[in-house]
Amino acid sequence: MRCLLCKSDEMKKSVNTYFARIGENYVIIENVPCMICSQCGEVVYSTVVLERIDCILNDIKDIASKVLIMDYEKAA
């Protein structure tokens with residue numbers, strides 16, 4: 001895979017922390033699988049991961065407090 005930002009060919013599998021805001025609430029999802037460019041640090045999530053994040057965010061809209069931190073692997 002090629003980096004969308006710097007066009008480097010050095011993308012590595014990794015995990016990252018995903019931040020989202022739902023209304024006035026903040027959601028932090030830790031250990032989200034991604035690809036990270038070893039040159040510029042750009043983070044890219046696969047379509048499957050982004051769809052799962054959408055599901056997670058939709059499921060917690062009604063129960064979220066001001067800040068919610070969760071682990072992707074436990075939620076997925």
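The figures here come from the full heavy-atom set of this structure, side chains too, leaving out hydrogens, waters and symmetry mates. Index from 1, following the sequence.
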Heavy-atom check, side chain of [X] versus side chain of [Y], under 4.5 Å:
X     : Y     : result
Arg52 : Val48 : no
Cys40 : Ser8  : no
Pro33 : Ser46 : no
Val32 : Val15 : no

In terms of hydrophobic clustering (I, L, V, M, F, W, Y; side-chain heavy atoms under 4.5 Å; direct or indirect links), are [X] and [Y] co-clustered?
X     : Y     : result
Ile36 : Tyr72 : yes
Ile29 : Val44 : no
Val43 : Leu50 : yes

Lys7 backbone acceptor or donor facing Arg2 side chain under 3.5 Å
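Yes.
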List for me each residue that meets side chain to side chain donor-acceptor pair (under 3.5 Å) alongside Asp54, sequence neighbours excluded, and say none if there are none.
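By the side chain to side chain donor-acceptor pair (under 3.5 Å) rule, Asp54 matches no residue at all.
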Sequence neighbours excluded - side-chain hydrogen bond (donor to acceptor under 3.5 Å, both in side chains) pairs with any residue from residues 11-21:
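Non-adjacent pairs meeting side-chain hydrogen bond (donor to acceptor under 3.5 Å, both in side chains): Asn16-Tyr45.
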Sequence neighbours left out, what pairs pass side-chain hydrogen bond (donor to acceptor under 3.5 Å, both in side chains) with at least one residue falling in residues 32-42?
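For residues 32-42: Glu10-Ser38.
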